[in-house]
Engineer: 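The following block contains the structure, expressed as C-alpha cells.
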Amino acid sequence: MFGIFMESLVIFKLYTGLKFLLVLTALAWIYLLITEKDKKIRILLVYAPIITILLFLFPLSRKVFVAAGLDGETYYRILWTVPMGVIFVYGACRFFASHRRIGLALSAILIVLCGSYVYKSPYISRAENLYHIPDAVIRICDLIRPERSGERVSAVMPADLIHFVRQYDASINMPYGREMLVNQWDYYNAVYEAMEKPDVVNMEELLKATRTENCRYIVMAEHKRTDEDPKDCGLLLLDVIDGYRVYEDPVTAKVQEQQWQEYYGDEK
C-alpha cells in the first residue's frame, strides 16, 4: 500500500509541474476556506478539490480504478478535475475585491513573477495562420487534396506533421497517426517502420508498404536520407515545401483512378 501511495504522490508532483502555481493555488484555497460564504462555490472550489486529491493519493482508490478495467497509465487524469487555475484566479479576484489598494497589484506581481514566457517551451510556437497549424501543412494539403467531390487520398506524412493534417483536411487519409508516437502503446505499422524507424530509408521496403496501404503521396523531410533517389524508384517530385519533399506514386495513382472509374465512371 505504501508503495502505491508513493507512486501516486510522485504522479501528483509531476502533474503539478509549475511549483509556483501549486503554491498560489494553495494560498488561494486557504483564503477561500476562511472567507468564502457561498456554499456552492465552497463545494466546487474548496471541498471537492481537496477530496479529489486525497482520494487520488489513497492507495485503495487506484486499486479500484484498475479493478474497474481502466488503464492504470491514465490514473493521473483524475487530477484534471482539480481546477488549480480557476481556484487561484477566483481566490485572487476575491482578495483584491476585498482589498482593492493592494490586492490587484499583489496578485498581478505574483502572476508575473511566478509565470514563465510561454514561447520558451519547445511545444509552443507563434501561430502562423488562423488554423494555428504550420503553414507547411496547409500548403502540402492544398497540393495533394483530391479535386473531385467525395474522393479521398492517402498520404504518408513525417511524424512531426501527422498531428495537424486531420485538423485541416479530413479528406486526406494517413496509414498511421499519433498512436505510433506513444511508445507504451506498442503499435505496429509497416509504413511507419519503413518510413520513420531507419536512419536511411530503404525505398523498396517503403514502396512495398505504401502500395499495400494504397498511399498515393509520400511526404519526406529533406534531411531524411534514402538508399536510392525516390525519383529513380518511379516517384514524381511534385514540390518542395518548407523543407518537405512531396512525391506522388504513379502506380498507386493509376490504381486509385481505375477504382474511381469502376465505381463512379466519369462523375465529377
Side-chain angles (χ1 to χ4, degrees), residues 118-182 187 189-203 205-260 264 267-268:
V118 295
Y119 293 118
K120 287 183 178 180
S121 169
Y123 306 107
I124 300 177
S125 59
R126 294 183 181 276
E128 300 178 11
N129 47 67
L130 293 176
Y131 298 97
H132 287 245
I133 62 177
D135 282 336
V137 174
I138 294 177
R139 293 175 59 193
I140 291 171
C141 289
D142 287 346
L143 176 65
I144 67 176
R145 64 170 29 161
E147 297 179 357
R148 292 173 290 210
S149 177
E151 185 179 11
R152 302 178 70 88
V153 296
S154 185
V156 183
M157 297 284 177
D160 57 328
L161 298 185
I162 59 177
H163 295 83
F164 307 107
V165 175
R166 291 301 296 274
Q167 296 180 46
Y168 180 68
D169 193 338
S171 67
I172 298 175
N173 295 333
M174 294 179 290
Y176 55 82
R178 65 176 292 271
E179 74 278 358
M180 300 306 302
L181 308 183
V182 182
Y187 282 98
N189 181 280
V191 179
Y192 181 82
E193 294 291 321
M195 176 83 163
E196 296 292 337
K197 287 295 184 71
D199 294 329
V200 179
V201 176
N202 184 304
M203 287 304 301
E205 291 184 5
L206 177 61
L207 288 177
K208 180 180 178 181
T210 56
R211 287 168 181 171
T212 299
E213 292 285 347
N214 208 28
C215 295
R216 180 169 181 169
Y217 299 100
I218 299 176
V219 181
M220 304 180 70
E222 282 192 293
H223 62 77
K224 193 68 175 182
R225 294 183 296 162
T226 58
D227 63 343
E228 298 180 71
D229 189 328
K231 291 185 289 186
D232 293 339
C233 298
L235 299 184
L236 302 177
L237 179 61
L238 300 183
D239 202 354
V240 178
I241 299 176
D242 293 343
Y244 297 96
R245 295 170 291 171
V246 184
Y247 295 98
E248 181 179 23
D249 184 358
V251 174
T252 305
K254 183 178 179 180
V255 172
Q256 290 183 340
E257 185 62 30
Q258 290 174 347
Q259 292 173 343
W260 178 271
Y264 300 103
E267 181 183 346
K268 300 294 184 181

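For this chain, numbers begin at 1 and follow the sequence in order. Predicted model, so just to flag it, every value in this text is computed and none were measured. Computed from heavy atoms alone, side chains included, the values below leave out hydrogens, waters and symmetry copies.
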Engineer: Would you call R126 and Y119 a side-chain contact if the rule is heavy atoms closer than 4.5 Å?
Structural biologist: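 Yes - at least one pair of side-chain heavy atoms lies under 4.5 Å apart.
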Engineer: How far does CZ of R225 sit from CD of E222, to the nearest 0.5 angstrom?
Structural biologist: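 The CD atom of E222 is 15.0 Å from CZ of R225, to the nearest 0.5 Å.
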Engineer: Which heavy atom in C141 sits nearest to a heavy atom in Y168, and how many Å separate them?
Structural biologist: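 Smallest interatomic distance, heavy atoms only, reads CB-CD2, 3.5 Å.
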Engineer: Checking the side chain of E196 only, and the main-chain atoms of A159 only, is there a donor and an acceptor separated by less than 3.5 Å?
Structural biologist: yes
Engineer: Measuring from atom CG of L206 to atom CD of E228, what distance do you get when rounded to the nearest 0.5 angstrom?
Structural biologist: 11.5 Å
Engineer: Evaluate side chain to side chain contact (heavy atoms under 4.5 Å, CB included) for M180 paired with I162, printing each intermediate quantity in order.
Structural biologist: CA-CA 10 Å; M180 300 306 302; I162 59 177; 5.9 Å; no
Engineer: What is the distance from atom CD1 of I172 to atom CG of D142, rounded to the nearest 0.5 Å?
Structural biologist: 8.0 Å
Engineer: Please enumerate all residues that pass ring pair (Phe, Tyr, Trp, His ring centres under 6.0 Å) together with Y176, with sequence neighbours excluded.
Structural biologist: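 Y192.
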Engineer: Determine yes or no for a side-chain-to-main-chain donor-acceptor pair under 3.5 angstrom, with R245 supplying the side chain and D239 the backbone.
Structural biologist: no
Engineer: Supply the atom-to-atom distance S171 OG to R148 CZ, rounded to the nearest 0.5 angstrom.
Structural biologist: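 If I round to the nearest 0.5 Å, the distance is 12.5 Å.
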Engineer: Answer whether the closest heavy-atom distance between the side chains of H163 and L181 falls below 4.5 Å.
Structural biologist: yes
Engineer: Can any side-chain N or O of E128 pair as donor or acceptor with the backbone N or O of D135 at less than 3.5 Å?
Structural biologist: yes
Engineer: With side chain to side chain contact (heavy atoms under 4.5 Å, CB included) as the test, would you mind laying out the steps for E205 and E193 before giving the verdict?
Structural biologist: CA-CA 9 Å; E205 291 184 5; E193 294 291 321; over 6 Å; no
Engineer: Is L143 close to V246 at the side-chain level, that is, under 4.5 Å between some pair of heavy atoms?
Structural biologist: yes
Engineer: Measuring only between side-chain heavy atoms, which start at C-beta, is I140 closer than 4.5 Å to Y217?
Structural biologist: no
Engineer: Less than 4.5 Å apart, side chain to side chain, heavy atoms only: is that true for D232 and M203?
Structural biologist: no
Engineer: For residues E248 and A253, report the shortest heavy-atom separation together with the two atoms involved.
Structural biologist: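 Residues E248 and A253, closest heavy atoms: OE2-CB, 3.7 Å.
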Engineer: What are the two closest non-hydrogen atoms of V201 and A194, and how far apart are they?
Structural biologist: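 Shortest heavy-atom contact: CG1-O, 3.6 Å.
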Engineer: Should L161 and Y244 be marked as a side chain to side chain contact (heavy atoms under 4.5 Å, CB included) after you check the CA-CA gap, both sets of side-chain angles, and the distance that decides it?
Structural biologist: CA-CA 10 Å; L161 298 185; Y244 297 96; 3.7 Å; yes
Engineer: From M195 CE over to N202 CG, what is the distance, rounded to the nearest 0.5 angstrom?
Structural biologist: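 Taking CE in M195 and CG in N202, the distance rounds to 13.5 Å.
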Engineer: Which distance, rounded to the nearest 0.5 Å, do you find between the CG of D227 and the SG of C233?
Structural biologist: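 Going from CG on D227 over to SG on C233, the span is 7.0 Å.
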Engineer: Dump the intermediate steps for salt bridge (Lys or Arg N to Asp or Glu O under 4.0 Å) on E257 and R216, then the final yes or no.
Structural biologist: CA-CA 11 Å; E257 185 62 30; R216 180 169 181 169; 5.3 Å; no
Engineer: Please report the shortest heavy-atom distance between E147 and E151, naming the atom on each side.
Structural biologist: N-OE1, 4.3 Å
Engineer: Count the heavy atoms of every other residue, nucleotide or ligand shown that sit under 6.0 Å from CZ of R178, and state whether that count exceeds 12.
Structural biologist: no
Engineer: Side chains of I241 and V219: closer than 4.5 Å at any heavy-atom pair?
Structural biologist: no
Engineer: I'd like to check H132 versus Q167 (side-chain heavy atoms, cut-off strictly below 4.5 Å). Are they in contact?
Structural biologist: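 Result no, sub-4.5 Å side-chain heavy-atom pair not found.
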Engineer: Please confirm whether the backbone N or O of V251 pairs with a side-chain atom of D249, one donor and one acceptor, at under 3.5 Å?
Structural biologist: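 Side chain of D249 to backbone of V251, a donor-acceptor pair under 3.5 Å: yes, one is there.
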Engineer: State whether the side chain of T252 and the backbone N or O of R211 hold a donor-acceptor pair below 3.5 Å, judged by distance alone.
Structural biologist: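 No, the answer is negative, given that no donor and acceptor are paired below the 3.5 Å cut-off.
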Engineer: Provide the closest heavy-atom pair for S154 versus Q256 in the form atom of the first, atom of the second, distance.
Structural biologist: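 Scanning both residues completely, I find the closest heavy atoms to be N-NE2, 4.4 Å.
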Engineer: Flag the pair P175 / T210 as yes when at least one side-chain heavy-atom distance between them is below 4.5 Å, and no otherwise.
Structural biologist: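 P175 vs T210: side chains apart.
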